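This report concerns only the one structure given below.
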Amino acid sequence: MNQIGLMEDPRNFSEVCIDAMSALVSHGHSFSDARLLAYYPYVRQNPYQKMLYASAFENGFAVTPLPSLDAVDSLSDRMQITLHYHWIHDVFKRVSRPREAKKAAKAFIEQIIRQKECGHRILWTLHNVLSHSAAFTEEEIWLRQKMADVSDVIHIMNPDTPKLVQTHYQLPASKVMHIPHPSYTNVYGDYISRAQARLELGLNEDNIAFLCFGSLVPYKGTRFFIQALDQLQERFQGRARLIIAGSKGKADFMEELYSIISGRSDIILYTDHVDDQALQIFFRATDVVACPYPVSLNSGVAMTAATFGKPMIVPEMLLPSFDTLSTGAVSFKAGDLDSCVHAANEAANIALCRAEAGGCVPEIATWAEERESLNISANFFKALREFNGGFDIANDTICASAAINQGVAL
Amino acid sequence: MSQIAIDDENGFAVYQPLSGFDQYLSALGLFGLFKTRRKLLIEDQAFKCVFFLKTLKPQYLNIKIATDGDEMVREAMHVRVKYFNWRMREIAGAHTFTRGRRGSRKRLSYFFADPFEKVKRQRLWLKPPEGAKFVVLTFERGDYGARLGFSSKIKLKVFDEGAGAKDLNTAFQKIMVSRDRMRMTWFVDRLKNEAMSFYQGETSYQGETSHQGAASYQGQAREIAGQQVQPIAMAHKMLSNMVYLWHGVEEKRSMMVIDDIAQIAQNGFTLGRHSSNQLTLEGADHINDLPDDMAAAGFEYSAVLTPTWDRAGLMSSQMRLEAMHLMRAVKEAGGRKITLREGRQFLARLMVAVAIVRQTGWQLVIDVSETLLSEHALGEWYRWRSLKDWLLQADTENIIDGNVHFLVRDHDQKKVLLEVTGLTKEQIDIHK
């Protein structure tokens, strides 16, 4: 299987790059303007990467996953590409001790430096301050600082990112490129009515439904929001419901979660992967989406909430991502239960007062439509091109071979 | 350290694998025939035993399952239960005791494996169907990750209904830790009967006032340890334990029923969360445009309109359906006035009628001449000695509305009603 998982791919990375160049030229781009971008790591279940690269071809970029870090070594010396790194804490995946983590981080940075020396451009998207389940904090901070130093461009989605990460590491201002998180408009299935979705989840019309969505892991603040639910029940006279939906996490956390919610009939727990077509049931049925995270720079769940026109509660640090949204994103002080309850109350009021019959708040949905992935993707590539400037990815050999393959006169 | 050494260390070595002879007996369904007390190391193959059923009374098999791990393993083993008649023909679909998360596999009963040092007794319950003479039990692994040891005296015991603690609290504490799903289910039924044996708003059978019974059921459920609490709170706690242990959908549903009725008892019944009428039926608005003489005709609401009233179901759902029927009935009667009379589900009907009136602005006359001092139940868990008691406990602000009038038999009833509600004299009429 290739990285995208569609089929068995017999090509090596070098061949994929040649094909990508040919495709760009046959798509009508001049060879000198054509760009290649390889990204790492490829994440199968999260559509984020597909969304970010949605308008690559239209903007003169061909995008392909990087099958492994050393795959770039197989490229010819004169073929330079943009290497886009996402969740770099993946380097700690197979290590169990700080010493090993340090070694892995160092090896990774050395590899990035080598790639840079070979003429490749390094682009890094900063998804989190630190990885959610950071086991090697010190090593990760070192890794991130080095990555910031080595990268040519640092892509941020939350405008306050440099300020929010500065207690751990510094981002050189000259390298920072701000392109917001795309919304999920036209990404997920969205054709089921609110009434049908609520019927499927067993919600009555008088229930105020809150949704905690995403993999069931300790750092998502699910337990924290369950505490908030107790207070919300007083406000809503027992009519509040909490839907928790997402893939199962580690056994010990799941056991803890089961023990907390087994006595609660006001909590609906769905512990499985929610596919792109089923997702609408949860977001359509709900009134307020809760993102009760203790730390969060960016949130796909919050953007999904916006896509479905739902008010949301987010931690204060996430709010700058929604600064252009006039209503619908209500912030709370991370870890402060009263603040969270207050925010949930306010968000519920927005849902009750401003939502249309279909349960969608028009201002939020319109805001999300403007951030549709094609628009954001186009902005991303335009900005990247400006950063790349006159950077030429192709050499004469590739140029000629592509031209011959495609029969295009250069 | 070798596996044998580990076994010796934690005592797991007492479990022995099935011998060739055991397997031969198992193939014939005769496992345990010659040696009833067994301690087996469970391997991948299942083993089978057949029992002759002397009686159709509930009976059980005690078993213990150990694991060499540190944590309890859920659904570590399961037992397939098949009943047969005299001619050894299977009686299909008979074993439904342990329906749960895997509802489609009703024949299976699931068991936990406990860490070796803390292994507890569990029970496989059998309730033979009519005509059953034999039962075949097939023991299989459910979890292939952990090492499992099985111990049992392979002999069925008949359930002694007289056994067990009589005192509710003692029985509750004992059954809570038993992990015996069947006994827990029976105990919840017992609690249901207990709940109906005393009145809300009065001194309870245990000497505690139960004014807050409905209101704080969840809080009480959390304060149970060592305290005397209401049956509904005990049932909630018991069911929540069952949901945790077996992830059972039926127990979850029973818990929802309890929460739902407690919610209604505490906060009353509403049709929708918005001020607009969520349940407006086609043409209901049109009723408001009727000329005054037609509007005054009204509807005599003296019986439940829903064809079947499921007492064990969610009360709020029943009441919603009743509300829809009532709105249609009022429309067909061509009026905008409801007169509520005594009859089945009086309290539920009262709440439904009030909810409708609050949303539509229609008139409601509640005839309490026969019901003010008579007993009332709400669902399977709440009972009041009289409507007066209920009015004392209920949030009457939800009931008293400019459009609601009461009809009483005499001045004494009027006086009582004035005492327990915030009604004005004009809102109470005496039967002519």
Side-chain angles (χ1 to χ4, degrees), chain A residues 194-195 198-199 201-210 226-227 229-242 244 248 250-272 286-288 345 348-357 359, chain B residues 69-74 101 145 214-219 221-222 224 233 235-249 251-279 314 316-317 319-320 355 395 398:
Chain A
R194 174 178 181 271
R198 285 177 85 93
L199 172 66
L201 295 182
L203 295 169
N204 287 325
E205 184 48 46
D206 65 348
N207 292 139
I208 312 293
F210 294 87
I226 291 172
Q227 289 176 50
L229 183 68
D230 289 334
Q231 292 186 39
L232 288 168
Q233 289 296 18
E234 287 170 24
R235 154 77 172 82
F236 295 111
Q237 294 191 315
R239 291 186 180 86
R241 296 288 178 272
L242 172 60
I244 301 172
K248 274 184 187 172
K250 284 185 178 170
D252 52 350
F253 177 70
M254 291 310 296
E255 205 57 29
E256 191 187 338
L257 198 60
Y258 288 139
S259 71
I260 295 171
I261 67 171
S262 58
R264 308 283 302 249
S265 56
D266 55 352
I267 299 178
I268 299 164
L269 178 66
Y270 180 86
T271 55
D272 211 342
T286 201
D287 294 298
V288 173
N345 248 326
N349 283 339
I350 295 170
L352 291 173
C353 302
R354 306 182 81 141
E356 292 174 334
Chain B
D70 297 330
E71 301 286 334
M72 169 186 91
V73 181
R74 195 177 263 110
R101 187 164 55 157
S216 58
Y217 66 97
Q218 279 201 342
R222 292 188 193 105
I224 269 172
H236 193 277
K237 183 77 179 168
M238 182 71 73
L239 288 166
S240 105
N241 186 36
M242 293 169 84
V243 172
Y244 170 69
L245 288 172
W246 294 285
H247 297 180
V249 287
E251 288 88 0
K252 178 93 181 175
R253 182 66 180 170
S254 301
M255 203 170 70
M256 286 169 76
V257 169
I258 287 181
D259 286 350
D260 182 61
I261 192 67
Q263 153 74 15
I264 293 169
Q266 180 186 359
N267 297 312
F269 170 73
T270 54
L271 289 174
R273 58 189 179 167
H274 299 295
S275 53
S276 59
N277 185 2
Q278 297 289 329
L279 272 181
L314 277 187
S316 60
S317 303
M319 288 166 76
R320 253 170 249 282
D395 182 3
N398 280 330

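Every value quoted in this text rests on a predicted model; they were computed, and no experiment measured them. Just so it is clear: chains get the letters A, B, ... in the order the sequence lines come, proteins before strands, and each one is counted from 1. Values below: every heavy atom of this structure, side chains too, minus hydrogens, waters and symmetry copies.
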Worksheet, complete the sentence: Given A/Gly238, A/Gly202, A/Ala251, the one with more heavy-atom pairs under 4.5 angstrom with chain B than any other is A/Gly238

Chain B heavy atoms under 4.5 Å from [X]: which part of the residue, side chain, backbone, both or neither?
{"X": "A/Ile267", "answer": "backbone"}
{"X": "A/Leu269", "answer": "neither"}
{"X": "A/Asn204", "answer": "side chain"}

Practice prompt. Please determine, among B/Met256, B/Met242, B/Arg253, the option with the most heavy-atom pairs under 4.5 Å with chain A.
Written response: B/Met256

Please say whether more than 12 non-hydrogen atoms of neighbouring residues, nucleotides or ligands are located less than 6.0 Å from [atom1] in [X].
{"X": "A/Asp252", "atom1": "CG", "value": "yes"}
{"X": "B/Glu71", "atom1": "CD", "value": "no"}
{"X": "A/Arg235", "atom1": "CZ", "value": "yes"}

Discussion item. Heavy-atom cut-off 4.5 Å, strictly under: side chain, backbone, both or neither for B/Met72 against chain A?
Written reply: side chain

Worksheet item: Atom CD of B/Glu251 and atom OG of A/Ser262: how far apart are they, to the nearest 0.5 Å?
Response: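 Those atoms lie 11.5 Å apart.
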
Discussion item. Let me confirm one number: the CG-CZ distance from B/Asn267 to A/Arg239, rounded to the nearest 0.5 Å.
Written reply: 5.5 Å

Discussion item. Is the shortest side-chain heavy-atom distance between B/Gln266 and A/Gln237 below 4.5 Å?
Written reply: no

Worksheet item: With side chains defined as the heavy atoms from C-beta onward, is the minimum distance between B/Arg320 and A/Asp206 less than 4.5 Å?
Response: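 B/Arg320 reaches A/Asp206 side chain to side chain.
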
Practice prompt. Taking all non-hydrogen atoms of both residues into account, name the closest pair between A/Gly263 and B/Ser240 and its distance.
Written response: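 Heavy atoms only, the tightest pair is CA-CB, 3.0 Å.
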
Discussion item. Is it the case that the side chain of B/Lys252 and the backbone of A/Arg264 share a donor-acceptor pair, with hydrogens and angles ignored and the cut-off at 3.5 Å?
Written reply: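 Present.
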
